[in-house]
Asks: 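What follows is a structure written as structure tokens; I'll ask about it next.
In what follows, every heavy atom counts, from backbone to side chain, and hydrogens, waters and symmetry copies are set aside.
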Amino acid sequence: MEYNASKIEKKWQKHWEEQQIYKVSNDSDRPKYYVLDMFPYPSGAGLHVGHPLGYIASDIYSRYKRLKGFNVLHPMGFDAFGLPAEQYALTTGIHPAVSTDQNIARYKEQMRLLGFSFDWSREVKTCDPNYYKWTQWIFTQLFAHYYDQTADKALPISDLVATFEQAGNAKVKAATTQTAQFNAEEWKAMGEAEQRDILMNYRLAYREMGYVNWCEELGTVLANDQVKDGVSERGGYSVVQKAMPQWNLRITAYADRLLYDLETIEWSNALKSMQSNWIGRSTGAQLFFEVDGQDEKIEIYTTRPDTIFGATYMVLAPEHELVAKLTTAEQQKDIDDYLAYSQARSEIDRMSDKQVTGAFTGAYAINPFTDKKIPIWIAEYVLISYGTGAIMAVPSDDERDQRFAENFGLEIIPVVDKSDYPEATLDDKVGKLINSGFLNGMEVKEAILAMNEKVEEMGIGKAKVNYKLRDAGFSRQRYWGEPFPIVYDENGFAKTLPLEDLPLELPKTEDFKPGKGGKSPLSRLEDWVNLGNGSTRETDTMPAVAGSSWYYLRYMDSSNPNAFASPEAVNYWQDVDLYVGGAEHAVAHLMYARFWHKFLYDRDLVPTKEPFKKLVNQGMIQGRSNFVYRANEQFAEKSFKEKLEKYQYSFQTEYPIAGGYVDFAMPEHQLAIEIKSGSDLKRYLEQRKPDYDREGWKLLLISTQEVGKYYFNFDIIAKRINRAIEGTVDNSHLEEAYAHPLFISQDVVRKRNWEASTTALHVDVNIVHNDVLDMEAFQNWRPDYKNAYFVTNKEGKYLCGHAVEKMSKSKYNVVNPDLMVEEYGADVFRMYEMFLGPIEASKPWDTQGINGVSKFMRRFWDLFFTNEQFVVSEDAPNKAELKVLHATIKKVSEDIERFSFNTCVSAFMEATNDLRKMKCNKRSILEPLTILLAPFAPYTTEELWHLLGNESSVHHATYPSYEESYLKEDEIEYPISINGKKRATAMFPSDASKQELEQAALEVEGIQKWLEGKTVRKIIVVPKRMVNVVVG
RNA sequence: GCGGGUGUGGUGGAAUUGGUAGACACGCUAGACUUAGGAUCUAGUGCCGCGAGGCGUGGGGGUUCGAGUCCCUCCACCCGCACCA
């Protein structure tokens, strides 16, 4: 019987669904194991070959764990709220709910084909009211709690109110922006409005006027991580700072726990360091400087309090609130000019040119240690958003301060002598203090401690920890998100809806355009907003991270109407054992999810401190984007690289090109054709030409040329094709192709003997559409110029090349998995994705290699067949066969445990090659091997398993274990080295003693001649490994 | 600039504790079978050399009987953050 993947797949898809073989129970004697994928945002483009990489890995691991006897939770769902659906709706008029449902259906179908063992009965969608009911509820809980630093956990706001009533806030240590102190009487004397304002300063979810990243084009506020280089990550629109009342989450309250608990989880160093950089904890001192002649103090933050004797001036951020107060009449114009200048500069300007600019306020502060008057400046290089927005400048020991001081002629007093550390840079915290009064002679570290003590003693400051982490802006002026469960009463006081009023459903409307000036679309729905009696609803919605911050908990008990998950379910599943997903979520999603989890932990709603025990970041599968540009005349002569660098912007858009390699899907057409010979080319042209003509596509044959040898001889290619098709076809169609640039694949040309090659050609075919791309798009691709090359034909000279980069619809380099599955089968596709390389590495997609895996699959299948008949022998296995089996069991299970799936596939190939040579068709070998392969190739193994006569599913079988005894060898091949260089190998008995080996090694033929005229000084024997003879 | 990571054949990659570098594939070469091959099978394939042999894991140095693996140093590339006081 021939291997027919699609027939097998259809059969078992149906069977598995009917039997619900992947349904998981919350009630099991077996140990639990929770394998989670980062749920996808269902975009309109569908899955490309990059998406399933992580899903395949996690599916293999889940299946493996199941076979090993674990009760495995392996769910899937959709992160379905968010901007793209809404953007899509604005251009097409299709409601986000509709397009989201369509996209989800498409994703599910694609996932179904790939044979994932998800328990779909637990599916979650963040836009489902039954789901976001609990997103809203958690928000109300955050609103109802504050972070108590004494208890080091979140406590109810009602406790805080009780404390205020008894003792005011003096003794409360909490994460808060409240600075003013009050006693119990003062508290009780306050009106409700004032009390509510104060409580707002404590709540973990709070509303506050704040500067936000406002994007007018998108009509919404963006989180810091959605802004890249001063423009929006999505769309690249400009972003400005705007003051608006915003809901925020007080994630900073958890900064220390988010940092220190990183040590308890198994994540990669890269990821942990990204998280800890984002938190950005630094220890330093908070200090107050008196302003000369005014009753004002400037609060600063410094990590180098030891250098205060060298503080010769101060700098405030231009936005600092004291600027207006401090500026003297004489300096007013300077300051106004500077403020105008800095306000006009966008974020992107500030980042791209870091000029030394600033202005003097005319005011002076007093250095508390030198008692000198030091000038107060304002400058862009001090950021309002970090620390206190003001610094003491120490030009002798800070690079930026130094540049500034030199530029404006300010005093520089050296305070740290680094002569003992010639290698140290200005910023290194080493050296001996000089010119620093009581600190003189101390080492920097010592001096910092001494200064902190002194400062506290003098009452002008104290040691303080600072974070880069900001509270999370949580309001979006968009339609497609969770409505806040908040009602403002007739006094404007924010109140949360009780659980029985949840979910607060997102009202249905067709009018979801962003409002003007930051109004949410919901604000236009007056019936919904106005509740009578003066109450109104909050009209902003939550950001996409809201739903994804806790979804892993919902899977534990996804249909529970009474809780986000029952305590029993949460206690059974505990936490996620293995989380697989892309690094693009390294900061935002993982940080918020950890924060929410810790909050729930504080409230005894989850049993663990961290949500994700182990995390694996799958690498990106990249695509190849090809491009062609017609070069200007001036390129004709000079050297290639020089030109590229110098003139890269003077190309004309002549042949923008869509599509990558031929075997890459083309936009809309979804072509996946590989052309390897002239006759293929002819067939291809014949079939496709009418389509292209009709649709206005131009056919362009393209490929890459060897780097450095960029001058291309068009005629050679023409000859090759002619030769390949000589006498067999009418090649008149080819003339069409000849009229356009035509090149040969880089892989072919790069071969040393291209000229001598008589074998098939690899011709990449790309389709050109004149409307597809423009110069701007080309530049946005940021192609890797190392792969660029010139080609000439009779029409001119072209710059061509390809870039390996992220797969994306907009780059026309997407490979669609459906076509791969159709051609090779899901099992082959799964195994090939694993075979590409280590799961964590990024790698370009290469369709050609899939043949190797396909060949393996058929060979494995063929082990069970003789003359197309299913025949397995019941004979007892021999030693060699047992060795292959047990070595494979050992290798595969160990490699799965360490997530090395590519080497697992190799091991299966080796085993199959070996058994094929042995002509082994014994059940005793093939049956365990089938189970072993089941996690990788679920369909094929299920079919074989049933052909072997089994009734139940192979996915419910028991994983075979290996016997060390079968791996033992009678004889071992030893490498024999002379002075560490291998000179021969020889077979020796595996139980030979050291002495025997020493003796035997010297007698090996081929070793003798190396010993002539030399003295054997030493023989090193590592039993079962090697022998090394040291001669001299 | 700071933090993290990676450098191995023509290509993707393997080598788990310092012990036969290049497993397994792709590609390529030759052959077999074929109307045909982009199917299948067989053999070969790190580089140089007719050979003996030499050289080889980004460069240089070191430790060791022995280094892709450990140490020092330099270089290149990728990712994240970036005027963070």
Asks: Could you list all the salt bridge (Lys or Arg N to Asp or Glu O under 4.0 Å) pairs where at least one residue sits in residues 1022-1032 of chain A, not counting sequence neighbours?
Replies: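 Found none.
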Asks: Does a donor on one side chain sit under 3.5 Å from an acceptor on the other, for A/Ser282 and A/Tyr301?
Replies: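 Yes - a donor-acceptor pair under 3.5 Å links their side chains.
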Asks: B/rG19, OP1 or OP2 - any side-chain N/O from A/Asn1028 closer than 4.0 Å?
Replies: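 It does not, given that no N or O in the side chain of A/Asn1028 lies less than 4.0 Å from OP1 or OP2 of B/rG19.
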Asks: Roughly, in whole Å, what's the span from CG in A/Leu271 to C1' in B/rG5?
Replies: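 Computing the A/Leu271:CG to B/rG5:C1' distance gives 12 Å.
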Asks: What's the gap between B/rU64 and B/rC2 when it is taken at their C1' atoms, as a whole Å value?
Replies: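 Looking at atom C1' only, B/rU64 and B/rC2 are 36 Å apart.
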Asks: Under the criterion side chain to side chain contact (heavy atoms under 4.5 Å, CB included), I'd like the reasoning laid out for A/Trp845 against A/Tyr832: C-alpha separation, chi angles, the key distance, then a yes or no.
Replies: CA-CA 10 Å; A/Trp845 178 260; A/Tyr832 182 54; 3.7 Å; yes
Asks: Please give, in whole Å, the distance from B/rA85 C1' to A/Ile391 CD1?
Replies: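 Nearest whole value for this atom pair: 6 Å.
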Asks: Any side-chain N or O of A/Asn902 under 4.0 Å from OP1/OP2 of B/rA23?
Replies: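 The answer is no; no side-chain N or O of A/Asn902 sits under 4.0 Å from OP1 or OP2.
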Asks: Please work out whether the ring planes of A/Phe408 and A/Trp377 are parallel, tilted or perpendicular, with thresholds of 30° and 60°.
Replies: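 Correct class here is tilted.
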Asks: Do the side chains of A/Tyr313 and A/Asp401 get nearer than 4.5 Å, heavy atoms only?
Replies: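 Contact flag for A/Asp401/A/Tyr313 side chains = yes.
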Asks: Could you tell me the separation between the CG atom of A/Leu262 and the C1' atom of B/rG3, rounded to a whole number of Å?
Replies: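 In whole Å, B/rG3 C1' lies 14 Å from A/Leu262 CG.
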Asks: Take nucleotides 39-44 of chain B nucleotide by nucleotide from the 5' end and write B, S or -, depending on whether a protein heavy atom sits under 4.0 Å from the base, only from the sugar-phosphate, or from neither.
Replies: SSSS--
Asks: So, the side chain of A/Arg983 versus the backbone of A/Gly980: is there a donor-acceptor pair under 3.5 Å, distance only?
Replies: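 A pair under 3.5 Å: no.
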Asks: Can you tell me the distance, in whole Å, between the CE atom of A/Met274 and the C1' atom of B/rC2?
Replies: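 From A/Met274 CE to B/rC2 C1': 14 Å.
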Asks: Pick the closest RNA chain B nucleotide for A/Lys982 and for A/Ile850 by heavy atoms, then say which residue is nearer the 5' end.
Replies: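 Counting from the 5' end, the first nearest nucleotide belongs to A/Lys982.
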Asks: Roughly, in whole Å, what's the span from OH in A/Tyr467 to P in B/rA85?
Replies: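 The answer, rounded to whole Å, is 14 Å.
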Asks: Give the rounded distance in Å between these two atoms: CD1 of A/Ile976 and P of B/rG19.
Replies: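 So the two atoms are 19 Å apart, to the nearest Å.
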Asks: Need one value for A/Lys891: base, sugar-phosphate or nothing, where a base atom within 4.0 Å counts as base even if backbone is also close, heavy atoms only.
Replies: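 Answer is base: heavy atoms of A/Lys891 come under 4.0 Å of a base.
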Asks: Between A/Tyr974 and A/Phe988, is the ring centre distance below 6.0 Å?
Replies: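 Yes: the rings meet the under 6.0 Å criterion.
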Asks: Going by distance alone, is a donor N or O of one side chain under 3.5 Å from an acceptor N or O of the other, for A/Ser906 and A/Thr903?
Replies: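 Short answer, no.
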Asks: Categorize A/Glu399 for me: base, sugar-phosphate, or nothing, with a 4.0 angstrom heavy-atom threshold over every strand shown.
Replies: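 Nothing, no heavy atom under 4.0 Å.
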Asks: With a 4.5 Å cut-off on side-chain heavy atoms, are A/Met834 and A/Ile839 touching?
Replies: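 A/Ile839 vs A/Met834: side chains touch.
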Asks: At under 4.0 Å between heavy atoms, what does A/Val1022 touch on the DNA or RNA strands: base, sugar-phosphate, or nothing?
Replies: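 Contact class for A/Val1022: base.
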Asks: Using O4'-C1'-N9-C4 for purines and O4'-C1'-N1-C2 for pyrimidines, with syn meaning within 90° of 0, is B/rG9 syn or anti?
Replies: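 Syn, angle within 90° of zero.
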Asks: Verify the contact: side-chain N or O of A/Asn979 to OP1 or OP2 of B/rG66, cut-off strictly under 4.0 Å; return yes or no.
Replies: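 Looking at the OP1 and OP2 atoms of B/rG66, neither is under 4.0 Å from any side-chain N or O of A/Asn979.
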Asks: Contact class for A/Leu836 vs. all strands (heavy atom < 4.0 Å): base, sugar-phosphate, or nothing?
Replies: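 The answer is sugar-phosphate, as A/Leu836 gets under 4.0 Å only of primed atoms, P, OP1 or OP2.
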Asks: In plain terms, say whether A/Arg898 and A/Glu894 are close enough for a salt bridge, that is, a side-chain N and a carboxylate O under 4.0 Å apart.
Replies: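 Salt bridge: no.
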Asks: Send over the distance from A/Glu319 CD to B/rC83 P, rounded to a whole Å.
Replies: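 Value for this atom pair: 13 Å.
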Asks: If you check the A/Val1030 side chain, which of B/rC65, B/rA85, B/rC24 turns out closest?
Replies: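 Looking only at heavy atoms from C-beta outward on A/Val1030, the closest nucleotide is B/rC65.
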Asks: Just to be sure I understand: a Watson-Crick pair is purine N1 to pyrimidine N3 plus N6-O4 or O6-N4, both under 3.5 Å. Using that and G-U wobbles, which stems of three or more pairs involve RNA chain B?
Replies: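 RNA chain B stems, ordered by first number: B:1-7 with B:75-81, B:10-12 with B:24-26, B:27-32 with B:40-45, B:46-48 with B:53-55, B:58-62 with B:70-74.
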Asks: Report the nucleotide, chosen from B/rC55, B/rA85, B/rU20, that has the shortest atom-to-atom distance to any side-chain atom of A/Glu973.
Replies: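 Looking only at side-chain atoms, A/Glu973 lies closest to B/rU20.
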Asks: On a plain distance test, is the side chain of A/Asn277 in donor-acceptor contact with the base of B/rC81 below 3.5 Å?
Replies: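 In this structure, the two groups form no donor-acceptor pair.
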Asks: For the pair made of NZ in A/Lys843 and P in B/rA14, what is the distance, rounded to whole Å?
Replies: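 These atoms are roughly 9 Å apart.
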Asks: Would you indicate which nucleotide in B/rA85, B/rU16, B/rU20 comes nearest to any side-chain atom of A/Arg400?
Replies: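 Side chain of A/Arg400 sits closest to B/rA85.
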Asks: Do A/Arg858 and A/Asp862 meet the salt-bridge criterion of a basic N to acidic O distance under 4.0 Å?
Replies: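 Answer for the salt bridge query: no.
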Asks: Quantified in whole Å, what is the C1' atom distance between nucleotide B/rC77 and nucleotide B/rG59?
Replies: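 Per the computed distance, 15 Å lies between those C1' atoms.
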Asks: Heavy atoms from C-beta onward define the side chain here; which of B/rU20, B/rG4, B/rC83 lies closest to that of A/Ser273?
Replies: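 Per side-chain heavy atoms of A/Ser273, the pick is B/rG4.
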Asks: With heavy atoms under 4.0 Å as the rule, sort A/Asn913 into base, sugar-phosphate or nothing.
Replies: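 Sugar-phosphate, no base atom in range.
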Asks: Where the side chain of A/Trp1010 is defined as all heavy atoms beyond and including C-beta, which of B/rC84, B/rC24, B/rG53 is the nearest nucleotide?
Replies: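 Of B/rC84, B/rC24, B/rG53, B/rG53 is nearest to the side chain of A/Trp1010.
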Asks: Could you give the distance separating B/rA67 and B/rG18 at their P atoms, to the nearest angstrom?
Replies: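 The answer is 14 Å between these two P atoms.
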Asks: Please examine the side chains of A/Leu53 and A/Lys843, heavy atoms only from C-beta on, and report whether any two atoms are closer than 4.5 Å.
Replies: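 Yes. Closest side-chain heavy atoms under 4.5 Å.
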Asks: Describe the nucleic acid contact of A/Met1026 in one word from base, sugar-phosphate, nothing, applying a heavy-atom distance below 4.0 Å.
Replies: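 It contacts base atoms.
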Asks: Pick the C1' atom in B/rG13 and in B/rU8, then give their distance to the nearest Å.
Replies: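 After rounding to an integer number of Å, I get 9 Å for this pair.
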Asks: Does A/Thr985 or A/Pro838 map to a spot on RNA chain B nearer the 5' end, using the closest nucleotide for each?
Replies: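 So the residue in question is A/Pro838.
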Asks: Please report the distance separating the C1' of B/rG7 from the corresponding atom of B/rA52, rounded so that it comes out in whole Å.
Replies: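 Here B/rG7 and B/rA52 have their C1' atoms 34 Å from each other.
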Asks: The side chain of A/Pro975 is closest to which nucleotide in this list: B/rC65, B/rU20, B/rU16?
Replies: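 Looking only at heavy atoms from C-beta outward on A/Pro975, the closest nucleotide is B/rU20.
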Asks: Should A/Arg403 be listed as having a side-chain N or O under 4.0 Å from OP1 or OP2 of B/rA85?
Replies: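 False: A/Arg403 side-chain N/O out of range (4.0 Å or more) of B/rA85 OP1/OP2.
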Asks: Ignoring hydrogens and geometry beyond distance, is a side-chain donor-acceptor pair present between A/Thr307 and A/Asp397 at under 3.5 Å?
Replies: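 Absent: no donor and acceptor within the cut-off.
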Asks: If you check every side-chain atom of A/Asn269, which of B/rA85, B/rG4, B/rG53 has the closest atom?
Replies: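 Nearest to the side-chain atoms of A/Asn269, counting from C-beta on, is B/rG4.
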Asks: Can you check the distance between B/rU34 and B/rG56, where both ends of the measurement are the P atom (answer in whole Å)?
Replies: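 Looking at atom P only, B/rU34 and B/rG56 are 49 Å apart.
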Asks: Check the phosphate of B/rA85 against A/Tyr301, side-chain N and O only, distance under 4.0 Å to OP1 or OP2. Yes or no?
Replies: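 Answer is no, no contact under 4.0 Å.
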Asks: How far, in whole Å, is B/rG10 from B/rG58 if one measures between their P atoms?
Replies: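 Comparing P positions in B/rG58 and B/rG10 gives a spacing of 13 Å.
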Asks: Mind checking the P distance from B/rA25 to B/rC41? Whole angstroms is fine.
Replies: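 Comparing P positions in B/rA25 and B/rC41 gives a spacing of 11 Å.
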